[in-house]
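Labels below follow one simple rule: chain letters A, B, ... track the order of the sequence lines, proteins then strands, and each chain is numbered from 1.
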Amino acid sequence: MAPSPTGLLHIGTARTALYNWLFARHHGGTFVLRIEDSDRTRSSQEYEENILDGLRWLGVEWDEGPEVGGSFGPYRQSEKLARYREVVDGLLARGLAYPCFCTPEELAQRRKEMQKQGLPPRYDRRCRALSQEERERLIAAGKPHAVRFAVPDDGSVAWNDLVRGEVEFENNALDDFVLMKADGFPTYLLAVVVDDHDMRISHIIRGEDLISATPRQLHIYGAMEWPRPEFAHIPLILAPDRSKLSKRHGATAISEYREMGYLPEALANFIALLGWSPGDDREVMTKEEMIEAFSLEGIGKSGAVFDIEKLNWMNGVYLRRLTPEEYVARARPFLEKAALVGRACPRPPVDDQYITKVLLLEQERAKTLGELVDLVAFFFKRPESYDEKGERKWFKREGAAELLAAAEKKLASLEPFSVEQIEAAVRGLAEELGLKAGPVIHTIRLAATGRTKGPGLFELLEVLGKEEVLVRLAAAREYVQKAAE
RNA sequence: GGCCCCAUCGUCCAGAGGCCUAGGACACCGGCCCUUCAAGCCGGAGACGGGGAUUCGAAUUCCCCUGGGGCUACCA
């Protein structure tokens with residue numbers, strides 16, 4: 001797996017890494033990570049860290065690569081420039097590659113003209129025709145140049161793609177592609193081949209967007225007389241409009257999902273299923289199960305739309321399966337980040353026990369840890385307003401203020417302030433008022449939380465504590481009375 | 001435009017000639033449970049892009065069309 005650090009770890013890249021990892025684990029192979037930083041203008045340390053962090057967070061551990069080492073390093077292309085130079089010089093010496101003195105500006109200009117004439121925009125190979133003397137003269141004169149691969153005029157290249165089957169490209173459809181840029185950095189095409197060979201890579205599993213890079217890579221293997229690895233091109237992850245998923249479609253970085261409160265195991269599980277299936281109807285699977293079931297045959301050929309709804313569902317499943325301890329440990333940082341913990345509500349004291357109770361009360365409802373923050377906010381902050389619809393339905397009712405006053409009185413005398421006691425009190429109150437339990441419960445809920453939805457009322461009130469409940473009930477009562485005037 | 005790839009419910013997958021009156025999951029709709037929401041349970045609606053061909057028989061094989069996507073840089 002060889003991501004280039006020119007952006008945050010993308011969902012697609014993460015899935016490719018996951019497939020590589022599952023494949024390696026399934027077959028007892030070695031999963032190699034390499035940083036493809038051959039574009040020095042776009043690569044950055046920050047992105048590299050984001051990628052490494054993201055992969056580790058997802059549980060995709062590499063056996064060889066940056067930070068862990070290995071016997072076939074370096075694992076960063078910027079650190080092995082001399083090696084690429086050596087390969088290029090060999091190709092140059094054998095006439096399989098040639099220096100090109102055309103400037104990027106000239107090339108762009110010619111491309112534009114060809115397009116205008118309705119021709120495919122290709123390199124005209126003019127530097128291929130230069131004589132040896134001319135080349136030496138230009139090089140001696142210090143003219144900057146790139147090195148291009150001399151693609152044969154006819155014939156074709158083909159390979160048996162492990163996902164797609166037989167794929168073939170005609171040579172005459174191929175440009176004389178650049179192997180080394182004028183700045184001495186290799187292009188992707190050269191670097192991957194050299195690295196894959198040096199690192200003894202047996203299988204290359206990558207996105208379909210690189211399928212057209214394959215014939216050119218194959219030519220380099222041929223020219224170097226190196227054994228070819230196997231190729232498997234997996235379909236792309238699509239946006240809802242079925243185009244390649246990109247930033248304009250919303251969150252595409254793994255780190256963004258992490259920040260939103262998705263669990264790594266849920267995200268990994270979901271992403272794995274985008275384009276792969278174990279062959280049966282299993283969906284929620286552990287890493288071990290996926291490793292066991294993984295095969296390239298199980299990978300589909302068509303692009304998969306990233307459906308956030310299903311991810312949300314799956315995240316909810318994982319959230320609910322967490323043990324209380326794990327769940328609280330993972331959720332807490334989100335509360336802290338939202339500054340809910342540590343500030344606000346005077347009573348009861350916001351301590352570990354309180355936080356745990358609050359969190360557990362909402363475990364079933366949250367789809368993400370980020371969403372959880374909103375769900376539990378009222379446990380830390382008194383309601384500043386009341387749900388509009390709820391207000392119309394419960395507060396504008398005849399006798400709402402009286403109901404709240406009666407509830408205050410009744411709850412004030414409870415000892416202990418427990419679920420059972422509260423339930424008995426509230427139900428008793430309904431009876432006294434000649435009402436069904438529903439209206440009473442809903443009115444109290446709105447008063448205590450500002451909301452119409454949430455955990456069971458009795459449980460919620462117990463956690464909030466008597467004192468706090470009474471304060472809120474009084475505030476709501478006053479609010480209702482004032483609104484009635 | 002050229003080259004390459006793809007084509008089953010709205011979405012993700014199952015299906016590798018008869019087991020398919022096409023199965024599962026998300027979403028959607030209805031019901032149950034119930035103090036609300038959520039969860040859970042039960043049920044419903046919903047697809048083989050079109051046309052040829054091969055075959056006793058095609059979602060599954062072949063061809064054409066159509067549609068979608070990717071690539072087309074001294075990016076990767």
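- The shortest side-chain heavy-atom distance between A:His249 and A:Phe306 does not fall under the 4.5 Å cut-off.
- In this structure, a donor-acceptor pair under 3.5 Å is absent between the side chains of A:Gln421 and A:Ser418.
- For the C1' atoms, the distance linking B:U60 with B:A22 amounts to 11 Å, nearest Å.
- Judged purely by distance below 3.5 Å, without hydrogens or angles, the side chains of A:Tyr75 and A:Asp195 never pair a donor atom with an acceptor atom.
- Across the strands present, B:G67 finds its partner in B:C6; the criterion is a Watson-Crick or G-U wobble pair with both atom distances under 3.5 angstrom.
- Across B:G68 and B:A73, the matching P atoms stand 23 Å from one another, rounded to whole Å.
- Among the protein residues, A:Arg164 comes within range of the sugar-phosphate backbone only, with heavy atoms under 4.0 Å from sugar or phosphate atoms but none that close to a base.
- At a threshold of 4.0 angstrom between heavy atoms, the contacts of A:Gln115 with the nucleic acid are absent.
- The 12-atom threshold is not exceeded at CD of A:Glu431, counting heavy atoms of other residues, nucleotides or ligands nearer than 6.0 Å.
- Base-pair partner of B:G46: not found among the strands shown (Watson-Crick or G-U wobble, both distances under 3.5 Å).
- Rounded to the nearest Å, the gap between the C1' atom of B:G24 and that of B:G15 is 11 Å.
- Taking the P atom of each, B:C28 and B:U54 are spaced 47 Å apart, rounded to whole Å.
- Relative orientation of the A:Phe149 and A:His219 rings is tilted, given thresholds of 30° and 60° on the angle between their planes.
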Contact string for nucleotides 42-50 of chain B, one letter per nucleotide 5' to 3', B = base within protein heavy-atom range under 4.0 Å, S = sugar-phosphate only, - = neither, reads ---------
Once each nucleotide of nucleotides 71-76 of chain B is scored for protein heavy atoms under 4.0 Å, what B/S/- sequence comes out, 5' to 3'?
S-SBBB
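- Nucleotide B:G1 forms a pair with B:U72, judged by Watson-Crick or G-U wobble geometry with both contacts under 3.5 Å.
- In this structure, CD1 of A:Ile422 is placed 14 Å from C1' of B:U35, rounded to the nearest angstrom.
- Put simply, CG on A:Leu429 is 14 Å from C1' on B:U35, counting in whole angstrom units.
- A:Phe458 comes within 4.0 angstrom of a nucleotide base, judged by non-hydrogen atoms across all strands.
- Nucleotide B:C12 forms a Watson-Crick or G-U wobble pair with B:G24, both donor-acceptor distances falling under 3.5 Å.
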Does the protein touch nucleotides 10-32 of chain B at the base, only the backbone, or not at all? Give it as B, S and - per nucleotide, heavy atoms under 4.0 Å.
-SBSS--------BBBB------
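- Classification of the A:Tyr123-A:Tyr98 ring pair by plane angle, with boundaries at 30° and 60°, yields parallel.
- For the P atoms, the distance linking B:G40 with B:G1 amounts to 49 Å, nearest Å.
- Counting to the nearest Å, the C1' atom of B:G2 and the CD atom of A:Gln117 are 15 Å from each other.
- Rounded to whole Å, atom C1' of B:A38 lies 15 Å from atom CG of A:Asp374.
- A straight line from NZ of A:Lys436 to P of B:C34 spans 13 Å, rounded to a whole angstrom.
- Distance, A:His233 NE2 to B:C5 P: 12 Å, rounded to whole Å.
- In A:Lys393, the NZ atom is not crowded: 12 or fewer heavy atoms of neighbouring residues, nucleotides or ligands sit closer than 6.0 Å.
- Listed pair A:Arg365 / B:U36 fails the phosphate criterion, with no side-chain N or O lying under 4.0 Å from OP1 or OP2.
- No more than 12 heavy atoms of other residues, nucleotides or ligands shown are found within 6.0 angstrom of CD on A:Glu388.
- Atom OH in A:Tyr123 sits about 20 Å away from atom C1' in B:G2, given to the nearest Å.
- Look at the C1' atom in both B:C75 and B:C12: the space between them is 31 Å, to the nearest Å.
- As judged by a 4.0 angstrom heavy-atom cut-off over every strand, A:Pro240 is placed among residues making no nucleic acid contact.
- Checked against the 6.0 Å centroid criterion, the rings of A:Tyr262 and A:Tyr318 do not qualify as a close aromatic pair.
- Heavy-atom distances to RNA chain B give each of A:Glu459 and A:Glu170 a nearest nucleotide, and the one nearer the 5′ end belongs to A:Glu170.
- Rounded to whole Å, the separation between the C1' atoms of B:G70 and B:U61 comes to 27 Å.
- Between A:Arg320 and B:A38 there is no side-chain N or O to OP1 or OP2 distance below 4.0 Å.
- Across the protein-nucleic acid pair, A:Met314 atom CE and B:A39 atom P stand 15 Å apart, rounded to whole Å.
- Using a distance-only test at 3.5 Å, with no hydrogens or angles considered, no donor-acceptor pair links the side chain of A:Arg206 to the main chain of A:Ile211.
- Summarising the local packing, CD of A:Glu46 is surrounded by 12 or fewer heavy atoms from other residues, nucleotides or ligands at distances under 6.0 Å.
- Neither side chain, A:Asn315 nor A:Thr368, offers a donor N or O lying under 3.5 Å from an acceptor on the other.
- Taking atom C1' in both B:G44 and B:G50, the straight-line distance is 30 Å, to the nearest Å.
- Comparing B:U35, B:A39, B:C37 by their closest approach to the side chain of A:Glu364 singles out B:A39.
- At a cut-off of 3.5 Å, with distance as the only test, a side-chain donor of A:Glu113 or A:Gln109 sits close to an acceptor on the other residue.
- Under 4.0 Å is where a charged nitrogen must lie from a carboxylate oxygen, and between A:Asp280 and A:Arg282 at least one such pair does.
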